[in-house]
Amino acid sequence: MTDTSAPQLRKTPARRPQSGPPLLAPVLAFALLTVAYVVANRSTPHPDASGLTVLDHAQAHGTTIKVGAFLLFASAAPLAIATAVLYRRLRALGITAPGSAITLVGGVLAAGALTISAMFAWTGGRLPADASPELARALADLSFVAGGPAYTVMFALLIAGVSVPGLLARLLPRAVPWSGLVLAAAGVLSTLTLLTFGFSYLVPVVRFAGTIWLVLAAALLPRTRHR
């Protein structure tokens, strides 16, 4: 006789990995805030300008500087959200290599760099009339270093973290990860700005081209991976 009293074991169906919320929404918000920040700060003195020039600009355009600092600070939030969604999306697509973790670390540090840059910029926009040119130059330098080379090299990590698995696992069209690797290399080279301003042109290149790349990657990165 067959023993029917024993409970039958039921197989629990495997849960489908969750890829997270829509990725394009925070990426587009980050891109729009980045463009708005650049427009608001288009008259900012060059990093090699004198302290007196920076002080005169800060006292004449204090409101504009604070608006730009607000936009820069606001852009850090959607970047952090996009980074978290990218990390979860890569994990859901089966990427267990370090690329997904590099994406997370790079994006979080890039958002932190924008936040720090905004804090120094906002402070520089509130300098009193008797402030010294040396203080104005120091605050501008700190804002530039955080929002320039520090941001671009961390943003390069985010781009590389998506590009490498996107290329090896064929998650993206080949042109997208290859161009991302080129931008990541440019972001790393932008750190040479700390030695000579001859490399400072790489900062806006990575900022603008990298933002466009991120929008494109967010639009093309699939939610599921065909076996």
Side-chain angles (χ1 to χ4, degrees), residues 16-39 70-115 117-118 147-148 150-188 190 202-227:
R16 185 177 181 180
Q18 297 179 355
S19 59
L23 176 59
L24 201 56
V27 170
L28 287 176
F30 166 70
L32 291 175
L33 287 169
T34 298
V35 172
Y37 159 74
V38 173
V39 171
F70 165 78
L71 293 171
L72 186 63
F73 178 78
S75 69
L79 177 59
I81 294 172
T83 298
V85 178
L86 272 172
Y87 169 77
R88 193 65 195 95
R89 178 75 60 86
L90 291 173
R91 298 288 294 180
L93 290 170
I95 305 301
T96 57
S100 58
I102 292 173
T103 299
L104 180 63
V105 171
V108 170
L109 290 178
L114 293 181
T115 301
S117 178
Y151 165 75
T152 52
V153 72
M154 298 308 163
F155 196 57
L157 291 179
L158 183 153
I159 294 175
V162 177
S163 296
V164 173
L167 179 64
L168 298 180
R170 300 180 181 178
L171 301 176
L172 294 168
R174 292 179 64 86
V176 176
W178 277 118
S179 60
L181 292 175
V182 172
L183 285 172
V188 174
S190 69
L202 291 174
V203 171
V205 168
V206 177
R207 181 185 293 276
F208 289 113
T211 301
I212 295 173
W213 184 92
L214 186 61
V215 172
L216 185 61
L220 296 177
L221 191 66
R223 280 181 170 269
T224 59
R225 183 178 177 185
H226 298 289
R227 296 184 179 274

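Residue numbers count from 1 along this sequence. In this text, all values refer to a predicted model and were calculated from it rather than measured experimentally.
To the nearest 0.5 Å, the span separating CG on Leu220 from CG on Leu23 amounts to 10.5 Å. To the nearest 0.5 Å, the span separating OG on Ser100 from CZ on Arg88 amounts to 10.0 Å. Within the model, atoms OG of Ser190 and CG of Leu183 stand 11.0 Å from one another, a figure rounded to the nearest 0.5 Å. Atoms OG1 and CG, from Thr83 and Leu109 in turn, are 9.5 Å apart once rounded to the nearest 0.5 Å. Rounding to the nearest 0.5 angstrom, the gap separating the OG1 atom in Thr103 from the CG atom in Leu157 is 9.0 Å. With rounding to the nearest 0.5 angstrom, the CE atom of Met154 is 12.0 Å from the CG atom of Leu114.
Closest of all the heavy-atom pairs between Leu171 and Pro222 is O-CD, 3.2 Å. Across all non-hydrogen atoms, the minimal contact from Thr96 to Arg91 is CA-NH1, 3.5 Å. Here the closest non-hydrogen pair linking Thr211 and Phe155 is N-CE2, 4.0 Å. Closest of all the heavy-atom pairs between Ala184 and Ala160 is CB-CB, 4.0 Å. Closest non-hydrogen pair, Leu158 versus Gly107, comes out as CD1-CA, 3.3 Å. Contact detail for Leu79 and Ala111: the closest heavy-atom pair is CD2-N, 3.8 Å.
For the side-chain contact (heavy atoms from CB on, under 4.5 Å) test with Tyr87, the passing option among Leu104, Ile102, Val108, Ile95 is Leu104; the others fail.
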Please determine whether side-chain contact (heavy atoms from CB on, under 4.5 Å) holds for the pair Leu181 and Val164, giving the CA-CA distance in whole Å, both sets of side-chain angles, and the decisive distance to 0.1 Å. CA-CA 8 Å; Leu181 292 175; Val164 173; 3.9 Å; yes

Please determine whether side-chain contact (heavy atoms from CB on, under 4.5 Å) holds for the pair Tyr37 and Leu33, giving the CA-CA distance in whole Å, both sets of side-chain angles, and the decisive distance to 0.1 Å. CA-CA 6 Å; Tyr37 159 74; Leu33 287 169; over 6 Å; no

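Side-chain N or O atoms of Arg207 include one that pairs as donor or acceptor with a backbone N or O of Gly147 at under 3.5 Å.
Proximity of Val162 to Leu172: side-chain heavy atoms (C-beta onward) are separated by under 4.5 Å at one or more points. Counting heavy atoms from C-beta outward, Leu86 and Val27 have side chains that stay 4.5 Å or more apart.
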